[in-house]
Student: 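Let me give you the structure first, and then I'll get to my questions.
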Amino acid sequence: MTATASGAPRLLNSVLRRQRLARMDKGQLDTLAQEIREVLLETVCATGGHLGSNLGVVELTIALHRVFDPGRDRIVFDVGHQCYPHKLLTGRLSRFGRLRKAGGLSGYPARGESETDVVENSHASTALSYADGLTTAFALRGQADRRVVVVIGDGALTGGMSWEAINTIGAAARPMVVVLNDNGRSYAPTVGSISTHLRALRGHAAGANVFTNLGFAYFGPVDGHDVTEIEHAFRQASTMDRPALVHVVTVKGKGYPPAEADDVDHMHTVGALNRVTGTPATGQGRTWTSVFAHEIRTLGAERPDLVCLSAAMITPTGLADFARAFPGRAFDVGIAEQHAVTRAAGLAMGGLHPVVAIYSTFLNRAVDQLLMDVALHRLPVTFVLDRAGVTGPDGPSHHGVWDLSVLGLVPGLRVAAPRDPAGLRALLREAVSVTEGPTAVRFPKTTASHDIPARQRIGPVDVLRSASADDVLLVAVGPLAAPCLEAAERLGGRGVGVTVVDPRWVLPVPAELTDLAARYRLVVTVEDNLVTGGVGTHLRQALDVHPAPPPVRGIAIPPRFLAHGSRDGLLREHGLDADGIAGAVLRALSSGEVAP
Ligand SMILES: Cc1ncc(C[n+]2csc(CCOP(=O)(O)OP(=O)(O)O)c2C)c(N)n1
Ligand SMILES: CC(=O)[C@@H](O)[C@H](O)COP(=O)(O)O
Ligand SMILES: [Mg+2]
């Protein structure tokens, strides 16, 4: 894209070489910033993405590219959701219109797009550790002239890894520039004593502070929207013979009044927007998150022992209503999943029933805490895993496709996968009623469809469709019950008898499911999770004890990282839609490996 509604971003189009940027005067830099904001608004209002975070770092990124060489130096963005201006300044303007679309630009740094992109991960609080490694490697390889610059937000600074890295970086005293982009927010205002300290520094920074006490030179606070002031601070910091932190104060959503005025999250991440009003371009309908939000709020009134925890995502995980109704029982711990899980263990030891609301992919950050601090002690903690399965536009580090494989390893943990809103409400209630160990309830990032009735229930297992012949058993995990039923109808029309069941409590595999499966010629499991270690794996292992177990085919996500795209497109690509399921069953039946 080389033109926007307000005309071609002439200066931005000309920034194809760093030298051009270095020669711009103040007036041109201001124009360049305006052009970048125009492209950000025009694009993200159409494609969705991270709006507030990127509007806030326009001047900071221009200054970065004027002081440092993104090709030879390493600019490491923490999380990376704020990399759009960097992408626009490194030759990707023409491709920017397909941001976060299948085959288009990633919404995070992507090494395949540019040599100037370093870290593709979108999980917070990792940048300082990467930087510690990079500076060490450059020193050992005689490349100490290559500068390493970290851009980290105040939110990412609440993550424990950030302080683990600060601990060794401060001691090593190797030069590094750390740009602290302090807008006072994660999604919501950043919580905790770190945030309080930063607020004090924003007001009066003279003297020692936590960074200088840990071996860093400190520069700031700097006006994060004045390129000249930022550039001066960067140049000063880059001359230091030890790590230097530049405290840049910015406004999340700068330059777009609806974002600056958004009290919830300054439009941290948005879907397609009406740019004039700042309202969603299309209605999203009822989401799984909204069903959970309503039910946990209801449960909170019934169960005074319920408390809820989130790692800086109270609203995105559906806890906002609960927090408003029960302010003393909802805890935002910052971007600190490990602390959230073990704090929940402490809350459970103290006689409460904690609910940890967390995106599936971010639970990976706290596996040891889940295993050892919660499950080993058989503590009644309930994990509500939103964004479970293929999420879509956020790409490989956001798809929640590992939770069933991980949770299946945890002794004493029970995992539920509701197929519809009624199932979520019921299974959430069942989960928070379990007292002898941890539970988990997982659901995807999509609209919550209509309820799917069961014909009968065998133990925890719902039978959704019965066939006259015991040919095929389709085991549907969660919302994939809908495409399974559609596939069964198509197969029935071709004379294949297909029974469809929903285990509801999917791990450990219920004995009733194993006993039922043993009666069929072919068992096919369908799950929005990695094929390795998912429900299919566990059911196959459970059937091994039967004298003549039927073949089990698993339709699931292959063991590789999935690129960004639409959820439906990625599910279709991996055979997790009605066509894919029906085709897989027919191929299995004709493979000769299924008893007649
Ligand atoms: C481990 C982990 N937990 C949660 C998130 C979700 N998340 C993405 S960005 C963000 C807030 C980041 O705040 P900050 O670092 O201050 O950046 P800003 O958006 O304010 O520029 C959160 C919580 C994440 N990416 N990684
Ligand atoms: C960068 C990050 O981790 C989140 O902001 C992520 O983009 C989740 O977005 P959704 O809440 O839209 O799934
Ligand atoms: Mg922030």
Side-chain angles (χ1 to χ4, degrees), residues 389-390 401 404 417 419-420 444 446 449 452-456 458 461-503 506 509 513-544 546 548-560 562 565-596:
V390 169
V401 295
L404 292 176
R419 64 175 181 270
D420 55 26
T446 185
S449 62
I452 301 173
R455 291 174 176 274
Q456 71 176 112
I458 306 169
V461 180
D462 275 351
V463 178
L464 307 181
R465 182 185 191 273
S466 299
S468 52
D470 287 350
D471 289 336
V472 178
L473 182 68
L474 261 186
V475 180
V477 174
L480 295 181
C484 282
L485 285 166
E486 192 181 336
E489 286 306 313
R490 297 183 191 178
L491 291 163
R494 300 180 62 154
V496 178
V498 180
T499 296
V500 181
V501 295
D502 165 14
V506 293
V509 168
L513 177 62
T514 309
D515 295 343
L516 184 65
R519 291 172 16 201
Y520 287 81
R521 293 171 51 215
L522 170 67
V523 178
V524 178
T525 56
V526 184
E527 58 193 304
D528 187 2
N529 187 84
L530 219 57
V531 66
T532 315
V535 174
T537 301
H538 287 267
L539 180 53
R540 190 177 298 113
Q541 286 168 351
L543 280 168
D544 277 351
H546 281 260
V552 178
R553 289 283 188 284
I555 306 176
I557 301 295
R560 63 171 183 267
L562 300 188
S566 71
R567 169 176 162 82
D568 290 345
L570 288 164
L571 290 175
R572 183 167 51 251
E573 181 183 336
H574 294 287
L576 287 161
D577 62 347
D579 284 341
I581 295 163
V585 169
L586 291 173
R587 284 192 299 276
L589 288 172
S590 60
S591 67
E593 293 167 29
V594 178

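Computed from a prediction, not measured in an experiment: that's the story for all the values here.
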Student: Write down the atom of Ala417, the atom of Asp502, and the distance for their closest heavy-atom approach.
Tutor: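 Looks like O-OD1, 4.2 Å.
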Student: Would you please name every residue forming a side chain to side chain contact (heavy atoms under 4.5 Å, CB included) with Asp470, sequence neighbours left out?
Tutor: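 Partners of Asp470 by the side chain to side chain contact (heavy atoms under 4.5 Å, CB included) criterion, ordered by chain and then number, come out as Arg519, Tyr520.
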Student: Do Pro551 and Leu522 touch side chain to side chain, with heavy atoms closer than 4.5 Å?
Tutor: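 Pro551 reaches Leu522 side chain to side chain.
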Student: Say you draw a straight line from CG of Leu562 to NE2 of His574; how long is it, rounded to the nearest 0.5 Å?
Tutor: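 Output value for this atom pair is 4.5 Å.
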Student: Name all residues meeting the side chain to side chain contact (heavy atoms under 4.5 Å, CB included) criterion together with Ser449; count only those two or more places apart in sequence or in a different chain, and write none if there are none.
Tutor: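 Testing Ser449 for side chain to side chain contact (heavy atoms under 4.5 Å, CB included), a comparison that skips the adjacent residues, returns none.
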Student: With sequence neighbours excluded, give me every salt bridge (charged side-chain N to carboxylate O under 4.0 Å, His left out) pair touching residues 586-596.
Tutor: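 For residues 586-596: Arg553-Glu593.
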Student: How many angstroms lie between CG in Leu485 and CG in Leu480, if you round to the nearest 0.5 Å?
Tutor: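 Going from CG on Leu485 over to CG on Leu480, the span is 11.0 Å.
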Student: To the nearest 0.5 Å, what is the distance between CG on Leu570 and CD1 on Ile557?
Tutor: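 Taking CG in Leu570 and CD1 in Ile557, the distance rounds to 7.5 Å.
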Student: Can you see which heavy atom on Thr525 is nearest to which on Gly554, and at what distance?
Tutor: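 Here Thr525 and Gly554 meet closest at OG1-CA, 3.3 Å.
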Student: Looking at Ala518 and Pro550, what are the two nearest heavy atoms and their distance?
Tutor: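 For Ala518 versus Pro550, the nearest heavy atoms are CA-CD, 4.0 Å.
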Student: Looking at Ala595, is its backbone amide N or carbonyl O close enough to the side chain of Arg521 to form a donor-acceptor pair, meaning the two atoms are under 3.5 Å apart?
Tutor: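 Checked: pair present.
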Student: Which value, rounded to the nearest 0.5 Å, describes the distance between Leu586 atom CG and Ile581 atom CD1?
Tutor: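 Leu586 CG to Ile581 CD1: 12.0 Å, rounded to 0.5 Å.
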Student: Could you go through Val526 and Leu474, starting from their C-alpha distance and side-chain angles, then the distance that decides it, and tell me whether this counts as side chain to side chain contact (heavy atoms under 4.5 Å, CB included)?
Tutor: CA-CA 7 Å; Val526 184; Leu474 261 186; 3.9 Å; yes
Student: Any sub-3.5 Å donor-acceptor pair from Asp471's side-chain atoms to Val496's backbone N or O?
Tutor: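 No, because the side chain of Asp471 does not come within donor-acceptor range (under 3.5 Å) of the backbone of Val496.
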Student: So how far is it from His546 NE2 to Thr514 OG1, rounded to the nearest 0.5 Å?
Tutor: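 It comes to 6.0 Å.
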Student: Taking side chain to side chain donor-acceptor pair (under 3.5 Å) as the test, write out the residues that go with Asp462, two or more places apart.
Tutor: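 Scan of Asp462 (side chain to side chain donor-acceptor pair (under 3.5 Å), adjacent residues dropped) gives Arg419, Arg457.
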Student: Which pairs pass salt bridge (charged side-chain N to carboxylate O under 4.0 Å, His left out) with one or both residues in residues 527-542, sequence neighbours excluded?
Tutor: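 Counting only pairs at least two positions apart or across chains, the salt bridge (charged side-chain N to carboxylate O under 4.0 Å, His left out) contacts touching residues 527-542 are Asp528-Arg567.
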Student: Are the side chains of Pro558 and Val531 in touch, meaning some heavy atoms are under 4.5 Å apart?
Tutor: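 When only atoms from C-beta onward are counted, Val531 and Pro558 do not touch, as no gap falls below 4.5 Å.
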Student: Sorted by first residue and then second, give each salt bridge (charged side-chain N to carboxylate O under 4.0 Å, His left out) pair with at least one member in residues 483-500; sequence neighbours left out.
Tutor: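 Passing the test, one end in residues 483-500: Arg465-Glu489, Glu486-Arg490, Arg490-Asp579.
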Student: Return the minimal non-hydrogen interatomic distance between Pro453 and Leu464, and the atom names on each side.
Tutor: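 Between these two residues, the closest heavy atoms are O-CD2, 3.8 Å.
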Student: Can you name the nearest heavy-atom pair linking Ala476 to Cys484, along with the distance?
Tutor: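 Answer, listing the atom of Ala476 first, then Cys484: CB-SG, 3.7 Å.
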Student: Do Thr499 side-chain atoms and Ala467 backbone N/O form a donor-acceptor pair below 3.5 Å?
Tutor: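 Confirmed, Thr499 side chain pairs with Ala467 backbone.
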Student: Please round to the nearest 0.5 Å and tell me the distance separating atom CD1 of Ile555 and atom CG of Leu571.
Tutor: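 Separation between the atoms: 12.0 Å.
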Student: Output, in order, the C-alpha distance, side-chain angles, deciding distance and verdict of side chain to side chain contact (heavy atoms under 4.5 Å, CB included) for Val472 and Leu491.
Tutor: CA-CA 10 Å; Val472 178; Leu491 291 163; 5.9 Å; no
Student: Is any side-chain heavy atom of Ile458 closer than 4.5 Å to one of Val463?
Tutor: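 Side chain of Val463 against side chain of Ile458, heavy atoms only: contact under 4.5 Å found.
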Student: List the atom of Val500, the atom of Ala488, and the distance in Å for their closest heavy-atom pair.
Tutor: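 Taking Val500 first and Ala488 second, the nearest heavy atoms are CG2-CB, 3.7 Å.
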Student: Evaluate the side-chain proximity of Thr537 to Thr532: yes if any heavy-atom separation is below 4.5 Å, no if none is.
Tutor: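 Contact flag for Thr532/Thr537 side chains = no.
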